[in-house]
Amino acid sequence: MKVKNICCIGAGYVGSPTMAVVAKQCPYIKITIVDINESRIAAWNSTDLNKLPVFEPGLDGIVKEVRGRNLFFSTNVDKAIDEADMIFISVNTPTKTYGKGKGMAADLKYIELCARQIAKVAKQDKIVVEKSTLPVRTASAIKSILDNTGNGVQFQILSNPEFLAEGTAVQDLLKPDRVLIGGDTSSKEGELAMKALVDIYANWISKERILTTNVWSSELSKLTANAFLAQRVSSINAMSEICEKTGADVKEVSKAIGMDSRIGPKFLNASVGFGGSCFQKDILNLVYIAKSYGLNEVADYWEQVILMNEHQKNRFSDNIVSTLYNTVSGKKITFLGWAFKKDTNDTRESAAIKVADNLLNEQAQVSVYDPKVPEERIYTDLDYLNTRSSDENKSLLTINNDPYKACKDSHAIAILTEWDEFKNYDWKSIYKNMQKPAFVFDGRGLLNKEELKEIGFIYYNIGTGN
Ligand code: UDX
Ligand code: ADP
């Protein structure tokens, strides 16, 4: 079977970049990305490429090339489902905020709604692909809904988790380490469905990098990959605290251990804490799954990764308060960066949110500059915590789109995101315009310590003594 028409439900950070790259590499496939969020679809259709809802290096160029050729954005979900041979589900699966599993389990209501809609609309056989990260065995729930509420047509469910990282999504999609496709390996129809998806990726990825497994292994591999990556960050962050006490330098330690080929050099940068939509959500989900099978030791083991991350964020804000003579009340503290990492406008679970909230509790006046995150997003992130009223958040936290103005008259600067541009600022002039003593708290180990000290800053870096 050769797929000619794809529908992708969900025009978010995963669905849209993925489908844009598939459209680029497979001009013979018509792809329609649908979403219930009208303003998001309108933004994807915007002629001004700066207005696309997701910022990813290289994505605007690809959208320009394929949009209107074989990639379309629409709110007509039924039509796109009806026309497609293959449907990708790329909707959000946030952590549940209510009921059983609150704060831990993945909320599958959006997935279920999609399955019901597909079942209602489909008049021919379809291959349904889980792209969103899901708890292991979700495919059986989707299959059950499709088979029980459908029009008697056949559905094959595949799991094809996305491993792209934000900020490098386009490169990750063009040159993935591997593509993972899980399906029903026990039936001929299952094998054929897997082959149909393998054939799409094989247009630009060598066959050795396309793995096929049973569906449960595929679902669980995605959670496992994220848990391992997050664990590395928490492990090095744990060492960063020991470094600060002992005089060791965490960068030197990372380098030394990373040269061991069994450990490898990636994901060993100590930081103010990991963020992003996946790590915390997926580990909580893993913890929930483990608990639901009575595997309490397994659950406790993975939960520590999250607890360490919370500690790292709190430790960062505590250090700012104690260093500024135990009070930040009324003091201006400037945040450079709000996104959860560089080269993205995504702020989900960003460490900046928690650090800001802690400092606002201490009545600091926080001033924020981020090159890509819009003002409304920052206030929405804070308001979502419900710590104080929206008006209070607005009066305590200001946003500036000029970094020099954001830093003017502040007592301290905190680096929350590792945007490259911060390295090239005129730090002498920033220093001149700040209150003295002028502090920098570098939550990303981004700036040149010696240079800043030479200028006169008191510089604090995660994982090195002063
Ligand atoms: C992650 C996975 O990498 C990706 O495979 C999966 O599909 C989705 O989740 P993403 O959340 O986009 O991707 O970003 P990632 O690069 O993994 O970084 C996550 C967080 O960890 C960021 O806040 C980043 O700053 C932090 N991090 C990463 C560190 O603090 N130190 C490191 O060494 C690496
Ligand atoms: P991710 O990072 O996983 O891509 P996002 O939140 O960025 O998550 O995107 C998910 C998108 O899925 C959102 O734009 C949301 O409006 C969309 N969505 C959720 N449920 C449905 C649905 N039933 N039909 C169509 N789109 C949906």
Side-chain angles (χ1 to χ4, degrees), residues 95 103-104 230-246 250 269-281 283-284 287 300-329 331-341 347-368 370 378 381-388 392-393 396-397 410-418 439-446 458-466:
T95 303
M104 296 207 109
Q231 182 202 41
R232 274 175 80 98
V233 178
S234 275
S235 296
I236 201 68
N237 282 344
M239 299 322 287
S240 76
E241 196 170 5
I242 297 190
C243 287
E244 287 164 29
K245 298 282 181 234
T246 56
V250 77
N269 289 324
S271 70
V272 53
F274 61 73
S277 69
C278 286
F279 283 1
Q280 175 164 316
K281 175 181 68 129
I283 293 180
L284 288 174
V287 169
D300 291 348
Y301 175 76
W302 286 109
E303 197 166 17
Q304 279 303 318
V305 174
I306 303 285
L307 296 179
M308 187 63 224
N309 198 47
E310 287 305 303
H311 172 64
Q312 191 76 347
K313 293 186 260 184
N314 291 331
R315 191 165 90 73
F316 187 74
S317 50
D318 286 351
N319 186 36
I320 296 179
V321 177
S322 63
T323 309
L324 294 186
Y325 315 107
N326 287 317
T327 176
V328 289
S329 178
K331 290 181 182 167
K332 180 173 173 182
I333 298 176
T334 301
F335 278 27
L336 292 180
W338 189 266
F340 81 96
K341 65 177 192 178
T347 64
R348 287 176 289 180
E349 305 296 341
S350 178
I353 304 169
K354 178 71 179 157
V355 174
D357 193 48
N358 289 346
L359 293 175
L360 295 180
N361 280 342
E362 296 292 330
Q363 301 180 345
Q365 293 281 333
V366 175
S367 153
V368 181
D370 186 288
I378 296 175
D381 288 339
L382 271 182
D383 291 348
Y384 185 76
L385 298 178
N386 256 328
T387 314
R388 60 194 77 71
E392 279 176 283
N393 281 332
L396 287 170
L397 183 139
S410 66
H411 289 258
I413 293 173
I415 311 280
L416 273 305
T417 313
E418 72 283 21
F439 295 91
V440 168
F441 296 89
D442 191 344
R444 296 290 184 163
L446 182 74
I458 299 179
Y459 176 82
Y460 167 87
N461 190 7
I462 295 242
T464 53
N466 280 325

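Values reported hereafter were calculated over all heavy atoms of this structure, with side chains retained and with hydrogens, waters and symmetry mates removed. Since this is a predicted model, take the numbers as computed values, not measurements.
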> Taking only residues two or more places apart in sequence or in another chain, which ones pass side chain to side chain donor-acceptor pair (under 3.5 Å) with Ser367?
Replying inline: none
Looking at every heavy atom in both [X] and [Y], which two are closest together, and how far apart are they?
X	Y	result
Ala230	Ile283	CB-CD1, 3.5 Å
Lys313	Ala351	CD-CA, 3.8 Å
Trp338	Ser350	O-OG, 2.7 Å
Ser240	Ala270	CB-CB, 3.9 Å
Ser329	Thr327	N-OG1, 3.2 Å
Gly445	Asn461	CA-OD1, 3.2 Å

>> Below 30° counts as parallel, above 60° as perpendicular, anything between as tilted: where do the rings of Tyr460 and Phe441 land?
In response: tilted
>> Please verify the inter-ring angle class for Phe279 with Phe274; under 30° counts as parallel, over 60° as perpendicular, anything in between as tilted.
In response: perpendicular
Kindly indicate whether the side chain of [X], heavy atoms from C-beta on, has any atom under 4.5 Å from the side chain of [Y].
X	Y	result
Asn393	Leu385	no
Lys331	Tyr325	yes
Ile333	Leu324	yes
Leu360	Thr387	no
Leu396	Val366	no

>> Between Tyr384 and Ile353, does the side chain to side chain contact (heavy atoms under 4.5 Å, CB included) criterion hold? Intermediate values first, please.
In response: CA-CA 10 Å; Tyr384 185 76; Ile353 304 169; over 6 Å; no
Just how far is it from atom [atom1] of [X] to atom [atom2] of [Y], taken to the nearest 0.5 Å?
X	Y	atom1	atom2	answer
Ile320	Asn358	CD1	CG	9.5 Å
Met308	Glu310	CE	CD	11.0 Å
Thr347	Lys341	OG1	NZ	14.0 Å
Lys354	Asp381	NZ	CG	14.0 Å
Ile415	Leu446	CD1	CG	6.0 Å
Leu336	Arg444	CG	CZ	12.5 Å

> Going by atom types alone, do Arg388 and Asn361 pair a side-chain donor with an acceptor below 3.5 Å?
Replying inline: yes
> With no hydrogens and no angle check, do the side chains of Ser271 and Glu418 hold a donor and an acceptor under 3.5 Å apart?
Replying inline: no
> For Arg348, what residues pass the salt bridge (Lys or Arg N to Asp or Glu O under 4.0 Å) criterion, not counting sequence neighbours?
Replying inline: Glu166, Asp346
> Out of Asn326, Val321, Asp318, which one pairs with Glu362 under the side-chain contact (heavy atoms from CB on, under 4.5 Å) rule?
Replying inline: Val321
> Can you check side chain to side chain contact (heavy atoms under 4.5 Å, CB included) on Gln312 and Ile462, steps first, answer last?
Replying inline: CA-CA 10 Å; Gln312 191 76 347; Ile462 295 242; 3.7 Å; yes
>> Between Thr464 and Glu244, is the side chain to side chain contact (heavy atoms under 4.5 Å, CB included) condition met? List the steps.
In response: CA-CA 5 Å; Thr464 53; Glu244 287 164 29; 5.9 Å; no
>> Between Thr417 and Asp370, does the side chain to side chain contact (heavy atoms under 4.5 Å, CB included) criterion hold? Intermediate values first, please.
In response: CA-CA 8 Å; Thr417 313; Asp370 186 288; 4.2 Å; yes
